[in-house]
There are 2 protein chains.
Amino acid sequence: MCATLSDMPAASIRARARAEMINEIKTIARRHLAAEGANLSLRAVARDMGMVSSAIYRYFPSRDELLTALIVDGYHALGDAAAAGDAGVTDRADLRGRWLAVCHAVRRWALAHPAEYALLFGSPVPGYAAPQETTVAAARTPATLIGILVDGFATGALTDPGPSELPDPVHADLAAVRDSLFAGLPEALLARGATGWIHCFGAVSFELFGQLDGVIGAREEYFDHQMRRMCDLIGLPCP
Amino acid sequence: MCATLSDMPAASIRARARAEMINEIKTIARRHLAAEGANLSLRAVARDMGMVSSAIYRYFPSRDELLTALIVDGYHALGDAAAAGDAGVTDRADLRGRWLAVCHAVRRWALAHPAEYALLFGSPVPGYAAPQETTVAAARTPATLIGILVDGFATGALTDPGPSELPDPVHADLAAVRDSLFAGLPEALLARGATGWIHCFGAVSFELFGQLDGVIGAREEYFDHQMRRMCDLIGLPCP
DNA sequence: AGCATTTGAGAGCAGTGCTCTCTAACGAGA
DNA sequence: TCTCGTTAGAGAGCACTGCTCTCAAATGCT
């Protein structure tokens with residue numbers, strides 16, 4: 001009945017009710033998103049809650065704010081799925097196995113939540129600029145992937161490919177990312193990880209957005225094949 | 001004044017006026033798309049044409065039909081850009097140079113027409129199922145890329161990597177594609193080409209849909225670097 | 001117990017896609 | 001050249017959307 005939120009220990013009754021209300025709105029909005037696709041209707045959500053549409057505005061100042069909340073939740077759900085995929089591999093030294101596990105976890109989450117995935121990675125909403133809070137949530141999944149490379153470099157399983165494979169300006173951009181998130185990781189390895197993440201995103205989007213329709217039937221095998229090829233490119237050894 | 005359409009040589013005056021009207025609607029719709037983003041308003045288009053909204057329905061039975069027409073046009077424009085990029089490389093034996101030229105042409109087109117690109121490769125419209133005519137137009141760009149591999153295999157510059165790198169079900173899917181579009185090309189090469197195309201799409205989408213914001217500043221160099229790495233993976237030799 | 005805050009209802013505005021009816025114009029055949 | 005049937009466009013209207021504003025009721029805090 002009362003879902004205790006860990007970050008508000010002695011919340012007032014009103015604040016509690018409010019938090020529950022917000023959760024219910026988001027849940028119903030997610031259901032609508034899954035059923036109808038991207039064009040989420042505030043009025044329809046309100047109707048499903050037995051409320052009038054203007055009441056929703058007590059909890060979300062606009063439809064965009066609701067979408068932002070769903071996006072942040074979505075990034076975190078995807079990040080959780082990715083982290084769980086990584087954690088499910090018991091042999092922590094099996095870098096390739098961990099990488100593949102995370103990629104498949106991302107794909108499975110996307111297939112299970114296509115509308116939310118489209119919200120995260122599809123065409124951006126016209127006048128919509130992603131606020132800061134979305135970008136930190138968005139970073140979790142690539143961070144999980146590149147964390148595998150960090151582990152590999154720390155144990156000596158991966159070595160620095162050297163700076164020669166990167167153009168200078170990219171070198172600088174990646175150094176900034178490395179310094180803020182992946183201390184000690186060579187830029188070339190970071191670049192390889194980013195390439196792997198982009199290809200994972202590309203392959204999932206390609207499949208989910210219908211570009212594979214009528215061409216490839218064995219979707220999972222095809223995805224697995226592609227991710228293995230990326231492992232080769234990254235330099236993740238077969239155990 | 002009279003843009004002659006090659007496929008209607010002796011069109012009646014009415015048919016000519018109608019074709020021009022359809023073109024004008026599409027042109028204005030494209031302008032709106034570029035300005036406002038994906039949520040195209042029929043009424044706004046009608047207003048810009050000095051017509052009432054219901055008049056548009058004389059030319060397009062629904063908003064979705066207008067979007068479909070724009071999508072088909074977009075695929076063809078992208079296909080033209082890709083083909084022009086390939087044709088711009090005078091040394092036809094420089095497979096890597098041709099591949100990179102096509103990839104950069106795709107990216108340039110996408111940056112110049114972001115809303116149209118999003119229409120083609122972004123989240124699919126909810127109840128919208130792509131009709132057959134879109135898929136044949138969509139195939140032109142990957143066909144240009146894989147045509148480079150066909151050339152390379154024909155001249156002996158590329159060799160069959162062998163079937164071992166493909167799982168069986170994917171093998172069968174690719175064989176069907178090969179037989180209908182790229183006669184004689186080994187499946188493994190086709191698979192490598194598809195991977196390259198998917199990564200090109202992924203990298204462009206990643207950049208265009210804002211996932212690179214605040215991370216990579218040197219966009220073109222980064223894209224170039226990634227495409228070169230894909231050339232390595234595909235096995236396109238440096239000239 | 002009283003009060004101030006919060007909540008929801010309801011009406012309303014401007015916009016949307018789409019349908020229907022009606023009139024005016026216009027091209028094609030005689 | 002003149003008539004006639006097709007067609008383009010106008011206009012009203014329906015159901016829907018996001019959002020704002022006002023008002024009354026409920027509700028938690030002091």
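Scope of the values below: all heavy atoms of this structure, side chains included, with no hydrogens, waters or symmetry mates. Per chain, numbering begins at 1; letters A, B, ... match sequence-line order. The structure presented is a predicted model; accordingly, all values stated were derived computationally and were not measured.
- Looking only at side-chain heavy atoms (C-beta outward), A:Lys26 and A:Phe60 come within less than 4.5 Å of each other.
- Of the possible polar contacts, one joining the B:Ser123 side chain to the A:Ser123 backbone as a donor-acceptor pair under 3.5 Å is found.
- Here the P atom of nucleotide D:dT6 and the CZ atom of B:Arg18 are 15 Å apart, to the nearest Å.
- Of the candidates D:dA8, D:dA10, C:dG8, D:dA10 carries the atom nearest the B:Ala55 side chain, counting heavy atoms from C-beta on.
- Protein atom CD of B:Glu24 is 10 Å distant from nucleotide atom P of D:dG9, rounded to whole Å.
- The CZ-P distance, from A:Arg16 to D:dT27, rounds to 17 Å in whole Å.
- Summarising the geometry, the separation between CE on B:Met51 and P on D:dT7 is reported as 17 Å, rounded to the nearest angstrom.
- As a whole-Å value, the separation of A:Tyr59 OH from C:dT6 C1' is 8 Å.
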In B/S/- notation (B base, S sugar-phosphate only, - none; protein heavy atoms under 4.0 Å), nucleotides 17-30 of chain C written 5' to 3' is BBBB-----BSS--

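- Atom C1' of nucleotide C:dG15 and atom CG of B:Asp48 are separated by 15 Å, given to the nearest angstrom.
- A donor-acceptor pair is defined here as one N or O able to donate and one able to accept, closer than 3.5 Å; such a pair exists between the side chain of A:Arg63 and the backbone of A:Leu40.
- Looking at heavy-atom distances under 4.0 Å, B:Phe60 makes no contact with the nucleic acid at all.
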Residues 102-122 of chain A, side-chain donor-acceptor partners within the protein, below 3.5 Å, at least two apart:
{"unit_1": "A:His104", "atom_1": "ND1", "unit_2": "A:Leu100", "atom_2": "O", "d": "3.1"}
{"unit_1": "A:Arg107", "atom_1": "NE", "unit_2": "A:Glu207", "atom_2": "OE1", "d": "3.0"}
{"unit_1": "A:Arg107", "atom_1": "NH2", "unit_2": "A:Glu207", "atom_2": "OE2", "d": "3.0"}
{"unit_1": "A:Trp109", "atom_1": "NE1", "unit_2": "A:His113", "atom_2": "ND1", "d": "3.4"}
{"unit_1": "A:His113", "atom_1": "ND1", "unit_2": "A:Trp109", "atom_2": "O", "d": "3.0"}
{"unit_1": "A:Tyr117", "atom_1": "OH", "unit_2": "A:Phe201", "atom_2": "O", "d": "3.4"}
{"unit_1": "A:Tyr117", "atom_1": "OH", "unit_2": "A:Ser205", "atom_2": "OG", "d": "2.8"}

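- Heavy atoms from other residues, nucleotides or ligands lying under 6.0 Å from CD of B:Glu220 number 12 at most.
- Look at A:Arg47 and you won't find any side-chain N or O under 4.0 angstrom from OP1 or OP2 of C:dA9.
- Looking only at side-chain heavy atoms (C-beta outward), B:Met227 and B:Cys200 come within less than 4.5 Å of each other.
- Taking atom CG of residue B:Leu67 and atom P of nucleotide C:dT16, one finds them 15 Å apart after rounding to whole Å.
- Here B:Asp173 does not pair with A:Arg219 in a salt bridge; the nearest charged N to carboxylate O distance is not below 4.0 Å.
- Regarding A:Met49, its CE atom lies at a distance of 12 Å from the C1' atom of C:dG8, rounded to whole Å.
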